[in-house]
Protein chains: 4
Amino acid sequence: MNARSPATLVADTGRGNEAAILNAALDAFGTAGFHGASMRDVAKRAGTSLSNLYNYVPSKSRLLAEVLRRANDELAARLRAAVDDAGDDAVSRLREAVRAYIRFIVEHQVAMVVSTNEVRYLTGADRASLVAERDATQAVFEGIVAQGVAEGAFRTPYPDDAARTVLTALGAVAGWYRPDGRLSRGQLAEQQARYALALLEAPLPH
Amino acid sequence: MNARSPATLVADTGRGNEAAILNAALDAFGTAGFHGASMRDVAKRAGTSLSNLYNYVPSKSRLLAEVLRRANDELAARLRAAVDDAGDDAVSRLREAVRAYIRFIVEHQVAMVVSTNEVRYLTGADRASLVAERDATQAVFEGIVAQGVAEGAFRTPYPDDAARTVLTALGAVAGWYRPDGRLSRGQLAEQQARYALALLEAPLPH
Amino acid sequence: MNARSPATLVADTGRGNEAAILNAALDAFGTAGFHGASMRDVAKRAGTSLSNLYNYVPSKSRLLAEVLRRANDELAARLRAAVDDAGDDAVSRLREAVRAYIRFIVEHQVAMVVSTNEVRYLTGADRASLVAERDATQAVFEGIVAQGVAEGAFRTPYPDDAARTVLTALGAVAGWYRPDGRLSRGQLAEQQARYALALLEAPLPH
Amino acid sequence: MNARSPATLVADTGRGNEAAILNAALDAFGTAGFHGASMRDVAKRAGTSLSNLYNYVPSKSRLLAEVLRRANDELAARLRAAVDDAGDDAVSRLREAVRAYIRFIVEHQVAMVVSTNEVRYLTGADRASLVAERDATQAVFEGIVAQGVAEGAFRTPYPDDAARTVLTALGAVAGWYRPDGRLSRGQLAEQQARYALALLEAPLPH
DNA sequence: GATGAATGAGCCTTCATTCAT
DNA sequence: TATGAATGAAGGCTCATTCAT
C-alpha cells in the first residue's frame, strides 16, 4: 500500500542498532500508525529481537517521542539554515523556507507524515516539548510574515493565522507527494511558494 | 485531552441504539484514534454492552467505514446545497462552499477530524468507496475553480492543485478550531474565504 | 469438503419448523462437530432465526440428544424389522442385519457419522439413555452371534467382542462411503456381510 | 469423564515447555475434542500461561496438527519396525503389525483417540500431509495383505478394502480399551490378530 | 548487547441463552 | 410462533513489557 522507500531519517549513531531501530519505528508508525504498529513490527523491521529493543528505548511511547524529536530537529535546523542563508527581505526568506520545507518532505516523507499524524499520541513531557519545538518552527514563519507585513510586502489582514495556514498546506504535501509524480521537486517548491505568497497577499508578480 | 462536547453526527435512526453507537464510535475514534480505541470503549460510550454492538455493526472496521460514510455524505450534501443556492459566479460559489464547509466543521468537528485522520485504516471496498466520494467532493471545488479561471476571476496557474490545497487548508481548521476561540463562526468563514480567494489569485479587493 | 446432500433424517412432524431444525442440526453437527457448530449455524441452515430455535429445543445439548435419539431409533427399528423378517438361522439373520445397517448408512450417512462422533458430548440422562439404546442394538448382534455359535455356524472363540467388532466395522463405513463410489449399495452390503461372517469364523463358502 | 492417566506422547524435547504443551494439548483435545478444548485449558494443563503457549505454537490448529503428526510418526515407526523384524511370511508380518498397533494403543491411547476423532478439523496443508502419512500406514497393511493373497495365505476377495477394515477395527480398540479391563495386553493383541486373520480369510487354525 | 521465554492485561469477536415485542 | 436486541462469559490471539541467561 505504501511504496515509499524505507525511511532513513536517522544515520548510524555509532551505537549498535540504534539507527536501525529508530528508522524501523518510523516506518512502522508510518505504515500502521502508532497504535496499529507493534513493538514486534518494529523489531522485525529493525532486524533484531523484540526484547533487544528495550536495550535502546525504554518504552513504545518514548520510541515515538524520540523519532518525532529527531524529525522535528532536522526540519527545524534546515529551516533555520535556509532562512539565515536567504536575502534580507521577507519574500526571499519565505521562498527559501518553503524550499527547505519541501526538500525535507521529499527526503523524509514518512517522517513528515508520522510527525503530522502521530503527535497526538504523545503524552506528558514528551508532548509538551515537541509542541514547544513546533511552536518555535511556527514562530519562524510568523516572524517572516510579520516582517513582510511591516515591509508592505504582504498585505494579509490576518498575519499569524495565515502563517499557520501556510504551514498546514506545506505539511499536507507529505500526504500526497510521490517521487514519480507530475512535478519535479523544484516545481513543487515553486508552486507551493506561489501559493504561500498569494495567500499572504503579496502583490504580483511573484 | 479532548474537551469538545460529544459528537452527534447521527440523529436517531429509529433503530434502537444505532445512532448512539455510531456517535459513540465517532467520539472514541476521535479521542484515541481507530487503533487506540477499543470496541469496549465504544460500547461504554454508547451505554450498551460490548457484544450488543455486533447486533448493529459487523466489525470494528465496518464501524469506522459507516461513520466516515455518514460524515462524508453530510458534508457533501451541504456543499452541494450551498453551491446550488449561491449565485452563478465562481466567487460567490466558492464563498458559499467555504461557508458551508466551515459550518460543517463547527457543528461536526470530531467527524471532520476522524474523517481526516482515520481514513487510512479503511481497507478494500470501504476504502475505495470513500475515496471515490471524496474525489467527488474535491471535484466540486475543482469545478468552481475551473469556472473562475475561465471567467477570469481566478488567475492561479495551477487550478486543480490549488483547489486541493484550498480543501486541505479548510479541513485543517478542524484540527485547531475551538468553540470559545478568538473568532466567531462567521469571522472564521470570512477569513478562510479570503485565504482561498487569495490563494486562487482572485484580484483584490475581495 | 463435504459433498453429501443435506440430511433429511427427520420428516415433517407437523409442528412448524421442527423437522427443518433437526435436520439442520444434523447437517451442522456433521460438518463442524458439536462444539464447532453454533446455534447460529443451525438457525441459518434451518432458515429461521436464532432465537426461534429455542421455541423448539431448550438447549444446544438437548438438540444434539434429540437428533441422536431419532437416528438411533430409526436404525434400531430397521435392524429389528430386518432380523424379524429374516429366516430363522443365524447366518440369514446376520446377513439381513448387515444389509439393513448398510441401507441406513447409505440413506442417512450424516446421521451415522454424527452418531458415532458426537455421542461423547452428551451428558447426564441424555447420555445414559442413548448408551442404553445402543447397548440394545448391540445386544441384537450379540444375540445373533450367540445363536450362531450355539448352532455351530460361527466358531469365533470371542463371541461378544466379535459382535462389537462387527458393529464397529459396519459403523465405520459411514466414514468413507460415497454415493458415487466403486461399489453399489448391494455390493457394499455383500462385502460387509462377508467380512462379518469371516470374522465370526463361519465356515466357507458363504 | 476420562479417567486415563495424562498422556505422554512427547518426551522432553530439550526446549523448555514444549513437551509439556504438546502433551497437555493431547489431553485437552482427548477430553473435550478440538473445538471443545480451549487454549486456556491447554495452558492450564501444561502449567504455563495462555500467552506463553504462543511462544511455542503459532495457533490452535497448528497445535493440533503438531500433536497428530507426532502421534502418527510414532505409530508409523513402530509398525515399520515390527514388520521389518517379523518373519518373511504375510501371516507373521500381519501378526506383528497388529501386536505393534495394539502396543501403541495401550501406551498412547489418548493419542490414538485424538488421531481418529480430530483429524477432520485439520485444514489445508496440515490436513493433506497427515492424510498422506496415514495413507502410507495403510499401504503397509495393504502390502501385507497383497503378499498374503499372493502366497495363498489370505483368500479374501477384496484385499484392499479388507486391509482398511482391519485397520479400522484396530483403531477402534482405542475407543473402549481400559487398562484394568478383562483382557491383558497380550490377550488383546492375540484376539485382534485372530479377527484380522479371520477377516482376511486365512485358513484355520490360526 | 542480545536472546527466547514468560507474564498479565487487553484485543476483536462469537458463544449459548434470554427477553420484550 | 417468530423476531431483533440484549447479556455475560468465553473464544483465540496479540500486546507492551520483563526476566534469566
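Below, read A as the first sequence line, B as the second, and so on, with proteins coming before strands; counting in each chain starts at 1. This structure is a prediction, so every number in the text was calculated from the model and none was measured.
Residues C:G36 and A:L50 each lie close to DNA chain E; by heavy-atom proximity, the contact nearer the 5' end of the strand is made by A:L50. Comparing C:L53 and D:M39 by the nucleotide of DNA chain F whose heavy atom lies nearest to each, the residue mapping closer to the 5' end is C:L53. With DNA chain F read from its 5' end, the first of the two nearest nucleotides for A:D41 and D:K60 is the one closest to D:K60. Closest-nucleotide positions on DNA chain E for C:P58 and A:S51 were compared, and the one nearer the 5' end corresponds to A:S51.
Nucleic acid contact class of C:A37 (heavy atoms, under 4.0 Å, all strands): sugar-phosphate only.
With rounding to whole Å, D:N55 atom CG is found 11 Å from F:dT14 atom C1'. When the P atom of E:dG8 is taken as reference, atom NZ of D:K44 falls 13 Å away, rounded to whole Å. When the P atom of E:dC11 is taken as reference, atom OH of D:Y54 falls 17 Å away, rounded to whole Å. Rounded to a whole Å, the CD1 atom of B:I21 is 14 Å from the P atom of E:dT13. In this entry the distance linking NE2 of D:H35 with C1' of E:dT14 reads 12 Å, nearest Å. Rounded to an integer number of Å, the gap from CG of D:L64 to P of F:dG12 is 13 Å.
Between C:N17 and F:dT1, a side-chain N or O to OP1/OP2 separation shorter than 4.0 Å is absent. For A:R40, no side-chain nitrogen or oxygen approaches OP1 or OP2 of F:dT17 to under 4.0 Å. Residue B:S38 has a polar side-chain atom (N or O) positioned under 4.0 Å from OP1 or OP2 of E:dC11. Within the 4.0 Å cut-off from OP1 or OP2 of F:dT7, at least one side-chain nitrogen or oxygen of B:T48 is found. Under 4.0 angstrom from either OP1 or OP2 of F:dG4 there lies no side-chain N or O belonging to B:R15. Phosphate proximity of E:dA6 to D:N52: present, with a side-chain N or O under 4.0 Å from OP1 or OP2. Contact annotation: D:Y56 reaches the phosphate of E:dA6 (side-chain N/O to OP1 or OP2, under 4.0 Å).
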What do the steps show when you test B:E74 against B:R70 for salt bridge (charged side-chain N to carboxylate O under 4.0 Å, His left out), and what is the final call? CA-CA 6 Å; B:E74 173 71 13; B:R70 302 213 183 206; over 6 Å; no
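Summarising the geometry, atom CZ belonging to A:R120 is positioned 5.0 Å from atom CG belonging to B:N117; distances are rounded to the nearest 0.5 Å. With rounding to the nearest 0.5 angstrom, the CG atom of A:L26 is 10.5 Å from the CD atom of A:E118.
The partner of F:dA20, taking Watson-Crick or G-U wobble pairs whose two distances both stay under 3.5 Å, is E:dT3. Nucleotide F:dA9 has E:dT14 as its partner under the Watson-Crick or G-U criteria, with both atom distances under 3.5 Å.
By the side chain to side chain contact (heavy atoms under 4.5 Å, CB included) test, D:S129 is found to be paired with no residue, residues two or more places apart in sequence or in another chain being considered.
Taking the six-membered ring where the residue is Trp, A:H35 and A:Y121 present perpendicular rings, their angle passing 60° and hence far from 30°.
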